[in-house]
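First up is the structure itself, then whatever we jot down about it.
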Amino acid sequence: MKKIKFVFALTLLLQLLSCSSNDNPDPTPIPTSVPDNFIRAADVSFLPLIESEGTIYKHNGVAENALTTLKNVGCNTIRIRLWKNPSDGHSGLTEVKTLALRAKNAGMKIWLTVHYSDTWADPGNQTKPTEWASLNFTDLKVAVASYTTTVINEIHPDIIQIGNETNDGMLWPEGRLSTNESQYLQLVQSATSAIRAASPNTKIMLHYAGIGSGAEWYFNKMNSIDYDYIGLSYYPVWHGKVLADVNSTITSLGQTLNKKVLIAETAYPFTLNWNDWTNNIVGLDNQLIPAYPATNEGQKNYLVAIKSLVKQNSYGQGFCYWGGEWVAFRGPESTNGSSFENMALWDFNNNALPVMDAFSKN
């Protein structure tokens, strides 16, 4: 009897061991989220001003916070411009810090565009902050480094853009690329050194307005600069109507410089009509790409095409829609409202447009 019991127990043990090693499936792995590294951004720098004047944004006809709408459709990054000492406080450090915190709390990353000016900086205007007007070049570099460090420590952006549309440099005349190339590079190096010291994980971007040979000329001069991303503006009204040229520029720059490339600014109209008396930038058929009419679907299809083009390019890192929040916020008779309301992401009733679908992760 004892022998039988022993054999039975041994058999049972072997069966248990066999089941545990062969029959049971592997434990279900704990799912891990896939990093969402492709940047789908919207620049909403006008949002605090527009909200302060009582504008209500809507989604499906219901009032909804603009950042909530953007987050829910798949936008994962908010781009914000920063001016040094703006005359009315809008786009200054206090306002930008508050907006950045709102976007972070909504679950989005922050892309900061530092203009190094008190007002708009672009290819034709790169005016030094008044506060820095009398500084010699050595002190100007120190001011750039100190200010950049403050900005990093106050806002903690995921991406920081050194200057805006710096086709011919910034902080003129000292930093004008065409006449003071060495000094422009030194100013940028002051900023990049400050960023790397304060926040090594923050991505650094340089920004050129346009594509083609001009962009290649500019970025080939930046070989001594420590930066991560190439940013390009692409608006068909100014930079040509052939999307293949956008793709070839991304490929050429990416291959030559071993950098990731973003379309840092783009936009397209959903109509050629207007909603106030502020002159619009785009309002004629000959300013459009024929394949994309100025309709709800045309605007959506344009942005989907830009997104797909960048995403399918091995050097593409993302895109940003500019001015999407800039609706006609001062009423239909305003002459100082929006020159962009027909290219916004919300229609003339401030309701979210189909173009929002282009921000989806897929």
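Just so you know, these numbers come straight off a predicted model, no measurement behind them.
- Defined by atom type and a distance below 3.5 Å, a donor-acceptor pair is missing between the side-chain atoms of Gln126 and Asp168.
- Note: Trp277 and Trp274 have tilted aromatic rings, judged against thresholds of 30 and 60 degrees for the angle between ring planes.
- Side-chain atoms of Val310 and Ile250, non-hydrogen and from C-beta on, do get closer than 4.5 Å to each other.
- Judged by distance alone, the side chains of Arg81 and Thr113 never bring a donor and an acceptor atom under 3.5 Å apart.
- A cation-pi arrangement is present between Lys259 and Tyr227, with the terminal nitrogen or guanidinium carbon under 6.0 Å from the aromatic centre and inside a 45° cone about the axis.
- Rounding to the nearest 0.5 Å places NZ of Lys84 at 14.5 Å from OG of Ser91.
- Under the side chain to side chain contact (heavy atoms under 4.5 Å, CB included) rule, Met108 has a single partner from Thr77, Leu67, Asp158, which is Leu67.
- Aromatic ring pairs are classed by plane angle as parallel below 30°, tilted from 30° to 60° and perpendicular above 60°; the pair Tyr218 and Tyr208 is tilted.
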For Asp226 and Arg196, what are the C-alpha separation, side-chain angles and deciding distance, and is it a salt bridge (Lys or Arg N to Asp or Glu O under 4.0 Å)?
CA-CA 9 Å; Asp226 175 19; Arg196 295 301 192 212; 2.8 Å; yes
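- The closest side-chain heavy-atom distance from Phe348 to Glu341 is below 4.5 Å.
- Checked by atom type and distance alone, the side chain of His59 never pairs as donor or acceptor with a backbone atom of Thr69 at under 3.5 Å.
- Here the side chains of Asn153 and Thr149 are in contact, with some heavy-atom distance below 4.5 Å.
- Side-chain contact check for Thr295 and Gln299: no donor-acceptor pair (N or O, by modelled atom type) lies under 3.5 Å.
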Test Ile80 against Leu82 for side-chain contact (heavy atoms from CB on, under 4.5 Å), laying out the working first.
CA-CA 7 Å; Ile80 314 170; Leu82 176 64; over 6 Å; no
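- Ser45 and Asp43 form a side-chain donor-acceptor contact under 3.5 Å, judged by distance and modelled atom types alone.
- Considering only heavy atoms from C-beta on, Leu345 comes within 4.5 Å of Phe359 through its side chain.
- In summary, the aromatic rings of Tyr315 and Tyr229 are positioned with their centroids too far apart to meet the 6.0 Å limit.
- No salt bridge links Glu64 with Lys58; every basic N to acidic carboxylate O contact stays at or beyond 4.0 Å.
- Relative orientation of the Tyr268 and Tyr302 rings is parallel, given thresholds of 30° and 60° on the angle between their planes.
- Residues Lys221 and Glu181 form a side-chain contact, since some pair of their non-hydrogen atoms from C-beta on lies under 4.5 Å apart.
- Between Met170 and Arg176, every side-chain heavy-atom pair lies at or beyond the 4.5 Å cut-off.
- In this model, no donor atom of one side chain and acceptor atom of the other lie less than 3.5 Å apart for His207 and Thr166.
- In summary, of the residues considered (Leu206, Leu187, Asp228, Ile204), a side chain to side chain contact (heavy atoms under 4.5 Å, CB included) with Thr192 occurs for Ile204 alone.
- For Trp132 and Tyr147, the gap between ring centers is short of 6.0 Å.
- Using cut-offs of 30° and 60° on the angle between ring planes, the pair Phe340 and Trp326 is parallel.
- For the atom pair Ile78 CD1 and Glu325 CD, the distance stands at 9.0 Å (nearest 0.5 Å).
- Between Arg40 and Asp36 there is a salt bridge, with a side-chain nitrogen of the basic residue lying less than 4.0 Å from a carboxylate oxygen of the acidic one.
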Verdict with reasoning, Gln161 to Trp111, per side-chain contact (heavy atoms from CB on, under 4.5 Å):
CA-CA 7 Å; Gln161 186 180 304; Trp111 169 353; 3.1 Å; yes
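- Remark: Lys128 NZ to Tyr116 OH distance equals 15.5 Å, nearest 0.5 Å.
- No side-chain heavy atom of Asn65 sits less than 4.5 Å from a side-chain heavy atom of Tyr57.
- Expressed to the nearest 0.5 Å, how far SG of Cys320 lies from CG of Leu232 amounts to 13.0 Å.
- Looking at heavy atoms from C-beta onward, Val114 lies out of side-chain contact with Asn164 at the 4.5 angstrom threshold.
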